[in-house]
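First up is the structure itself, then whatever we jot down about it.
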Amino acid sequence: MSLISNLKQSTANCIQQLYGIQIAPEQVLVNATKPEIEGDYTIVLFAFVKQLGKSPEVLGNELGNAMLAEMPGTLTNFNIVKGFLNFTISNQFWFDYIKHLSPENLLPKTESPRKIMVEYSSPNTNKPLHLGHLRNNFLGWSIAEILKLQGNEVVKTCIVNDRGIHICKSMIAWQLYANGATPEDTHQKGDHFVGDYYVKFNDAYKAQVAELVAGGMTQELAEKEAPIQKGAQEMLLKWEQGDAATIDLWKRMNTWVYAGFDTTYKKIGSDFAKTYFESNTYLLGKELVDQGLAKKVFYQKEDGSVWIDLTADGLDEKIVRRKDGTSVYITQDIGLAEMKQKEFNTDASIYVVGDEQNYHFKVLKLICQKLQLPASDGIYHLSYGMVELPTGKMKSREGTVVDADDLVDEMINISKEKTESLGKVSEFTPAQLTELYNTIGLGALKFFLLRVDPKKKMIFNPEESIDFHGFTGPFIQYTHARIKSILRKTGTTISLTNSELLPLEKALAIELSNFPAVINEAAETLDPSKVAIYTFNLAKLFNTFYAEHSISNADTEEKKHLRIQLGILTAATLQKGMQALGIAVPEQM
RNA sequence: GGUCCCGUAGUUCAAUGGAUAGAACGGAUGUUUCCUAAACAUUAAAUGCAGGUUCGAUUCCUGCCGGGACCA
């Protein structure tokens, strides 16, 4: 059990003993003590002052003394400032803590591991991945890593939106304008190749609409009547009827796109235990509608359409089957949820999807619960905000989309230039250099997208956002590499004997001890930014420590060994923290 | 029409209802005969507006202003 949990438990025990009042340990607020004030941890008394009818001074003294008696050897003394009870933790406690901590036991494994599915990425097959997909991919990967670090089993899946009018648009444009060209003979990545025809469709469409409007047609009608638009719709119809030529073309173009995606996924580090395709799942869920009708979860309107009434839950009425018998988007999702659950038998399922679908997922979870599908209580929506540019939203039609491949390549290039200008890795082989540039470039990008609360929309300024200093991935990678460099010189065989910790040494010990709680909190709130912030603070603290105190030239041998141990633990924690974000840390940079 | 989210230094982000609102970038000033200066230290700079609840509000409630998303 962690020290903070012990303090909470002990507080509850003491209040019970002193005043006969039951308090849940979770109710006790334990904070790190402000730097200016003596002490390490602070218990906020205000909450109990009223309940117990005691002044903060009296309560603080009685509770403080009882706690000292309850935790001898750990607590050495206390003081009270206003309603805050500040405890000082003994030197021995922290020394023992560092002594027994090792890179292997930084994180205790959960006692109740779960099997959790993380669905993320969800690309469309008509265009390449962009900045928004990167946020999605990094979030999905990171949350999977965080859950794994806790000891859970994680299954990563992907649902590909490979059917619908948008794909038909690329297909018809290719038929009209490509002259049979392929990604191979244009030396283009397949997803970009297909995406270009999506753009070509939109250009042609716009021109045709303008022409019709000039001929006297209303805008609305022109948008329906544009020949290329009608062509796309006919194509969708043919696809649904299983027309062989259409399906062939569809398969061919999808193959190109997937080859492109694979390259990108490999580069950024994304993988899936299983990929689902909407072309296979879009008919799912129909039987569930019948079951729902039988269970009276759904009801039928006079026109034959099927609905669910969610007004009692504060939502609307929602259609689940149209009057013509076709299923709607949410019906497929219910079907897919059931299918995935059957296939993997997971305890929980996390969907990494943009916040424009908040309502959709509320409805999805509610319907699954009402249908009493297994594990429907375990449906979580990791909702994330859009990535916007300083000029506003990204719009593919206006060409203001930041392409994922371009951005990744640019980041890697900048890391190359930066590394070369510093000239610290002259002995690296070309292969090692390539790997290092990738590690740093991707580290910068991933950290940038993960350091912000996922729920909030964020602004990406291509000019300013690419930074390698301060609150960035490379800063932490650098700190790790520097520690490793020192450890290579000092060696890591040590024997620890008792010594008095200096303030910065103690501060490091305290910060290291917070790691498991940070991982748990990130997992509970589905928020990797907590890990990013923690990892940054730890790195910063170590750098301050490093600037103040020498490791190899410590005053005494026992100090040196203690600091080597602190270095080992800090490096290992930084490595694990970055791993939780899907970021590698180099041994040298 | 209805539901939901967001407004914090010049900029990008923090702050389970707790002490003097933290960082980073950018600005100003310093630090390298010594373990990696992609670093460290010092410094100026912010809670949209008006009420309310509370010992205490960036946080909770109400209204307004401004930005965004979704449902029909």
Side-chain angles (χ1 to χ4, degrees), chain A residues 26-37 39 42-47 49-50 55-56 81-84 86 310-311 314-319 354-363 383 385-386 388 390 392-393 414-415 418-419 421-425 440 443-444 447-448 451-453 455-461 463-490 517 521 524-525 529-530 532-534 536-537 539-554 560 563-564 567 586-589:
Chain A
E26 306 83 61
Q27 271 180 274
V28 182
L29 188 60
V30 178
N31 288 335
T33 303
K34 291 242 141 196
E36 313 80 42
I37 293 168
T42 297
I43 291 171
V44 183
L45 296 173
F46 294 108
V49 164
K50 206 174 214 175
S55 76
V81 181
K82 291 188 254 177
F84 300 94
N86 307 309
L310 299 171
T311 48
L315 304 175
D316 297 311
E317 295 188 5
K318 182 88 190 170
I319 191 166
D355 63 4
E356 69 273 13
Q357 296 202 39
N358 282 355
Y359 185 82
H360 176 82
F361 275 96
K362 249 191 224 172
V363 172
S383 164
M386 279 193 187
E388 292 180 7
K393 277 197 201 165
I414 294 171
S415 77
K418 181 80 186 167
T419 305
S421 74
L422 288 170
K424 293 180 183 176
V425 287
I440 297 173
F447 197 89
F448 183 85
R451 68 182 195 180
V452 181
D453 181 346
K455 288 191 288 297
K456 296 196 174 172
K457 68 178 178 194
M458 63 185 298
I459 295 179
F460 184 88
N461 185 334
E463 261 54 317
E464 295 169 14
S465 297
I466 299 168
D467 202 340
F468 290 69
H469 305 272
F471 186 21
T472 67
F475 172 88
I476 294 158
Q477 291 172 322
Y478 167 75
T479 306
H480 176 268
R482 182 154 78 168
I483 297 172
K484 283 306 179 87
S485 164
I486 296 160
L487 294 179
R488 279 193 292 274
K489 289 180 180 153
T490 60
E521 203 192 342
E524 262 163 48
T525 55
S529 74
K530 302 249 165 51
I533 292 166
Y534 169 80
F536 171 64
N537 285 331
K540 208 161 48 129
L541 184 58
F542 187 89
N543 284 331
T544 303
F545 163 78
Y546 172 85
E548 286 292 316
H549 304 295
S550 174
I551 296 172
S552 55
N553 290 322
K560 181 176 170 182
R563 288 176 186 170
I564 290 172
E587 297 289 309
Q588 187 182 344
M589 69 184 270

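All values reported here derive from a predicted model rather than from experimental measurement. In what follows, chains carry the letters A, B, and so on, assigned in the order in which the sequence lines appear, proteins first and then strands, with residues in each chain numbered from 1.
For A:K34, the listed nucleotide lying nearest its side chain is B:rA19; candidates were B:rC35, B:rC70, B:rA19. Closest to the side chain of A:F475, out of B:rC55, B:rA39, B:rA14, is B:rA39. The nucleotide whose nearest atom lies closest to any side-chain atom of A:T544 is, among B:rC6, B:rA41, B:rA19, B:rA41. With distances taken from any side-chain atom of A:V44 to the nucleotides B:rG18, B:rA39, B:rC70, the minimum falls on B:rG18. Candidate nucleotides B:rG18, B:rC34, B:rC35 were compared by shortest atom distance to the side chain of A:N553, and B:rC34 ranks first. For A:A547, the side-chain atoms get nearest to B:rC40 when compared with the rest of B:rA14, B:rC35, B:rC40. Nearest to the side-chain atoms of A:K318 among the listed nucleotides B:rC71, B:rG68, B:rA37 stands B:rC71. Which of B:rU36, B:rC25, B:rG68 sits closest to the side chain of A:D467 comes down to B:rC25. In the set B:rU36, B:rA39, B:rC35, the nucleotide with an atom closest to the side chain of A:S550 is B:rC35.
Contact check, A:K530 against B:rA15: no side-chain N or O comes under 4.0 Å of OP1 or OP2. Between B:rA23 and A:K540, no contact under 4.0 Å exists linking OP1 or OP2 to a side-chain N or O. Of the side-chain N and O atoms in A:R482, one or more sit less than 4.0 angstrom from OP1 or OP2 of B:rA37. Taking side-chain N and O atoms only, A:Y359 has no distance below 4.0 Å to OP1 or OP2 of B:rC5. Side-chain nitrogen and oxygen atoms of A:H360 include none within less than 4.0 Å of the OP1 or OP2 phosphate oxygen of B:rC71. Within the 4.0 Å cut-off from OP1 or OP2 of B:rC40, at least one side-chain nitrogen or oxygen of A:N543 is found. A:K456 has no side-chain polar atom (N or O) that falls below the 4.0 Å cut-off from OP1 or OP2 of B:rG68. Distances shorter than 4.0 Å separate none of the side-chain N or O atoms of A:S552 from OP1 or OP2 on B:rC35. In this structure, A:K489 reaches the B:rU36 phosphate: one of its side-chain N or O atoms is under 4.0 Å from OP1 or OP2.
A:F471 does not qualify as a stacking partner of the B:rA23 base, lacking a centre-to-centre distance under 5.5 Å together with planes within 30°. We find that the ring of A:Y478 and the base of B:rU36 do not stack by the test of centres under 5.5 angstrom and planes tilted less than 30°. Put simply, A:F536 does not rest on the base of B:rA23: the two rings are not both less than 5.5 Å apart at their centres and under 30° in tilt.
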- request: Could you provide the dot-bracket string of RNA chain B, using ( ) for intrastrand pairs, [ ] for crossing pairs and | for bases paired to another strand, with Watson-Crick or G-U pairs below 3.5 Å?
  value: (((((((..((((....[...)))).(((((.......)))))....(((((..]....)))))))))))).

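Between A:F447 and A:F536, the gap from one ring centroid to the other reaches at least 6.0 Å. For A:F475 and A:Y478, the distance between ring centers is not under 6.0 angstrom.
Here, B:rU53 and B:rC4 have their C1' atoms 24 Å apart, quoted to the whole Å. Distance check on atom C1': B:rU54 versus B:rC64 gives 24 Å, rounded to whole Å. Here, B:rA15 and B:rU58 have their C1' atoms 8 Å apart, quoted to the whole Å. B:rU43 sits 14 Å from B:rG26 when the C1' atoms are compared, rounded to a whole Å. Nucleotides B:rU8 and B:rG68 place their P atoms 15 Å apart, quoted to the nearest Å. Nucleotides B:rA41 and B:rA46 are separated by 24 Å at their C1' atoms, to the nearest Å.
Residues A:F468 and A:I414 have side chains in contact (heavy-atom distance under 4.5 Å, counting atoms from C-beta outward). No side-chain heavy atom of A:D355 sits under 4.5 Å from any side-chain heavy atom of A:K457.
In this structure, A:Q588 reaches the bases: a heavy-atom distance under 4.0 Å links it to at least one base atom across the strands shown. Residue contacts for A:L315: at a heavy-atom cut-off of 4.0 Å it reaches no nucleic acid atom on any strand shown. Contacts of A:I459 with the nucleic acid, taken as non-hydrogen atoms under 4.0 Å apart, involve only primed sugar atoms and P, OP1 or OP2. Within 4.0 Å (heavy atoms only), A:T419 reaches at least one base atom of the nucleic acid. Residue contacts shown for A:D453 are limited to sugar-phosphate atoms, with no base heavy atom under 4.0 Å away. Base engagement by A:M589 is indicated by at least one non-hydrogen atom pair under 4.0 Å involving a base atom. As judged by a 4.0 angstrom heavy-atom cut-off over every strand, A:N358 is placed among residues making no nucleic acid contact. When heavy atoms are screened at a 4.0 angstrom cut-off, A:K455 is found touching no nucleic acid atom at all. Counting non-hydrogen atoms under 4.0 angstrom, A:T42 reaches a base of the nucleic acid. Using a 4.0 Å heavy-atom distance criterion, A:I37 is classed as a base contact. Nucleic acid contact class of A:H549 (heavy atoms, under 4.0 Å, all strands): base.
Looking at every heavy atom in both residues, A:P390 comes nearest to A:I459 through N-CG2, 4.0 Å.
The main-chain N or O of A:S415 is found under 3.5 Å from a side-chain atom of A:T419 such that the two form a donor-acceptor pair. With A:D467 contributing its side chain and A:H469 its backbone, the two residues share a donor-acceptor pair below 3.5 Å. A:R563 contributes a side-chain N or O that, together with a main-chain N or O of A:S550, makes up a donor-acceptor pair within less than 3.5 Å. In terms of modelled atom types and a separation under 3.5 Å, the side chain of A:H480 and the main chain of A:P586 share a donor-acceptor contact.
Evaluated for a side-chain contact (heavy atoms from CB on, under 4.5 Å) with A:V44, the options A:V28, A:V49, A:V30, A:N31 yield exactly one hit, A:N31.
The base of B:rA39 lies outside donor-acceptor range of the side chain of A:T479, with no N or O pair under 3.5 Å. A donor-acceptor contact under 3.5 Å links the side chain of A:N86 to the base of B:rA19.
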message: The test is side chain to side chain donor-acceptor pair (under 3.5 Å); show your working for A:T42 and A:T33 and say whether it passes.
response: CA-CA 5 Å; A:T42 297; A:T33 303; 2.7 Å; yes

